[in-house]
Amino acid sequence: MSGAAAPAAPTGARATRKVRHHAAASGLGAVRHVSASTPNAPAWTVVVVLVLVFSVGPALVGNAGVGAIAYLLPSFVAIAALILWFLASEKLVVLDHGILAGSFAPFQRPVAVPFAALDVTSVRAVVASQRTLGLLLADRGVSTASRTVLWSRRAVTFVGVAPRALRQARARGEHVDLATASAVDLWVFSARDPRRQEQVVRALGDAARAAGVPGAEHVEAFALPAQPVPVSPQGADRLAIPERFRSARARQPAR
């Protein structure tokens, strides 16, 4: 092993009991960094406005009294809080020998991705909507590798073995390797803001170097700073998407 040692305590968001439980079950080592897709200030503003519109709005137009507001306001607050709680349960957890990515909400289970199952040189910090990133890829149906939220256009991406293949290999107790995998996908994880986006990239680089992963010395140089991604061959090149997985708009012209 070479590179930086694991931090004494995980950086980033709080490493909850569920995070530590899944980290231990993954066999990928200790928790080094936790990134959570919690709502940012604009998201909270939109939520507050929507709650007020649907709860206080009827009274303002004369169709409801104070009693109705007293009933509707707590109800909409509870509904909004529940929805946000589930959406904000998306996390990317950097471990000693890989990552956990996905939802940590009740009845949900994140995917364990060992470093052997991802290309660390493809890690990128990007500024793009989920629709833009989706247009770079050939139609692959519903992809659970896209762990995005509505309130952020900032994301960290990498090319790795598809979630379904990882789950199947884990269930069979098989080793999984990107070089031999038949199912590959572009993983996308939303970051709350630019600072947290950069933290995820640096945590991934530190962990990969400590684990002796080939190419880990280039992670930050390739990934940072965050850049917009156009729907074009250049955009697909930026994300290191293999040619066979690109959409028609993102493929290099035939020579």
Side-chain angles (χ1 to χ4, degrees), residues 12 22-23 26 28 32-37 89-95 97-104 108-149 152-170 176-179 181-192 196-205 207-208 211 213 215-216 219-220 222-224 226-227 229 235-242 244-247 250:
H22 285 296
S26 73
L28 297 178
R32 300 175 65 102
H33 181 82
V34 181
S35 182
S37 299
S89 294
E90 293 288 336
K91 292 182 174 68
L92 188 150
V93 182
V94 181
L95 307 174
H97 301 288
I99 65 172
L100 295 174
S103 177
F104 285 77
Q108 300 296 307
R109 185 183 185 90
V111 181
V113 189
F115 282 134
L118 66 93
D119 178 4
V120 295
T121 65
S122 71
V123 174
R124 299 289 187 273
V126 302
V127 182
S129 67
Q130 175 56 35
R131 181 177 182 275
T132 296
L133 296 175
L135 290 174
L136 291 169
L137 297 164
D139 184 16
R140 65 206 194 284
V142 177
S143 173
T144 56
S146 296
R147 316 305 309 189
T148 56
V149 293
S152 177
R153 295 182 70 251
R154 290 188 172 269
V156 174
T157 70
F158 61 85
V159 175
V161 177
R164 183 176 180 182
L166 285 166
R167 292 188 187 278
Q168 290 175 342
R170 182 172 180 80
V176 62
D177 193 292
L178 180 61
S182 58
V184 176
D185 210 336
L186 179 70
W187 287 76
V188 184
F189 181 82
S190 291
R192 189 175 187 268
R196 289 174 174 82
Q197 185 182 33
E198 182 175 340
Q199 286 177 341
V200 173
V201 171
R202 296 193 181 281
L204 275 166
V213 179
V219 170
E220 290 89 344
F222 288 169
L224 299 173
Q227 297 180 18
V229 178
D237 289 344
R238 163 69 182 159
L239 301 188
I241 301 173
R244 67 184 184 279
F245 297 117
R246 299 184 184 189
S247 67

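What you see is a predicted model, and the numbers here were worked out from it, not measured in a lab. Values below: all heavy atoms of this structure, side chains included; hydrogens, waters and symmetry mates excluded.
With sequence neighbours excluded, the residues satisfying salt bridge (Lys or Arg N to Asp or Glu O under 4.0 Å) with Arg147 are Glu90. The salt bridge (Lys or Arg N to Asp or Glu O under 4.0 Å) test applied to Arg246 returns Asp237, Glu243, not counting sequence neighbours. With sequence neighbours excluded, the residues satisfying side chain to side chain contact (heavy atoms under 4.5 Å, CB included) with Thr121 are Asp119, Phe222. Scored by the side chain to side chain contact (heavy atoms under 4.5 Å, CB included) test, Ala116 finds His175, Asp177 as partners (sequence neighbours excluded). Residues forming a side chain to side chain contact (heavy atoms under 4.5 Å, CB included) with Arg153 (at least two apart in sequence, or on another chain): Val127, Ser129. Judged as a side chain to side chain contact (heavy atoms under 4.5 Å, CB included), and not counting sequence neighbours, the contacts of Val219 are Val120, Val123, Val201. Qualifying salt bridge (Lys or Arg N to Asp or Glu O under 4.0 Å) partners for Arg202, counting only residues two or more places apart in sequence or in other chains: Glu198. Phe158 is linked by a ring-ring contact (aromatic ring centres under 6.0 Å, His included) to Trp187, counting only residues two or more places apart in sequence or in another chain.
Scanning all heavy atoms of the two residues, the minimum distance from Ala145 to Pro163 falls at N-CG, 3.7 Å. Minimum interatomic distance between Arg124 and Ala240 (heavy atoms only, all atoms of both residues): NH2-CB, 4.1 Å. Shortest non-hydrogen contact noted between Ala226 and Gln197 is CB-OE1, 3.4 Å. Considering every non-hydrogen atom in both Ser26 and Ala112, the closest pair reads CB-CB, 3.9 Å. Residues Ser35 and Phe189 approach most closely at O-CZ, 3.3 Å, considering heavy atoms. When all heavy atoms of Phe115 and Gly98 are compared, the pair lying nearest together is CE1-N, 3.3 Å.
Of the residues Thr157, Leu186, Leu239, the one that meets the side-chain contact (heavy atoms from CB on, under 4.5 Å) test with Leu136 is Leu239. Of the listed residues (Leu118, Val159, Val161), just one forms a side-chain contact (heavy atoms from CB on, under 4.5 Å) with Val184, and that residue is Val159. The side-chain contact (heavy atoms from CB on, under 4.5 Å) test with His33 singles out one residue from Ile99, Val94, Leu204, and that residue is Val94.
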#### Entry: Candidate pair Gln108 and Ser89, rule side chain to side chain donor-acceptor pair (under 3.5 Å), full reasoning
CA-CA 9 Å; Gln108 300 296 307; Ser89 294; over 6 Å; no

### Query
Passes side-chain contact (heavy atoms from CB on, under 4.5 Å), Ser146 versus Gln130? Steps please.
CA-CA 8 Å; Ser146 296; Gln130 175 56 35; 3.3 Å; yes

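No more than 12 heavy-atom neighbours from other residues, nucleotides or ligands sit within 6.0 angstrom of CZ on Arg109.
Here the side chain of Ser247 pairs a donor or acceptor atom with the backbone of Leu135 at under 3.5 angstrom. The closest donor-acceptor contact from the side chain of Gln227 to the backbone of Ala125 lies at 3.5 Å or more, if one exists at all. Of the possible polar contacts, none joining the Arg154 side chain to the Arg192 backbone as a donor-acceptor pair under 3.5 Å is found.
Put simply, the side chain of Leu100 reaches to within 4.5 Å of the side chain of Leu95, judged on heavy atoms.
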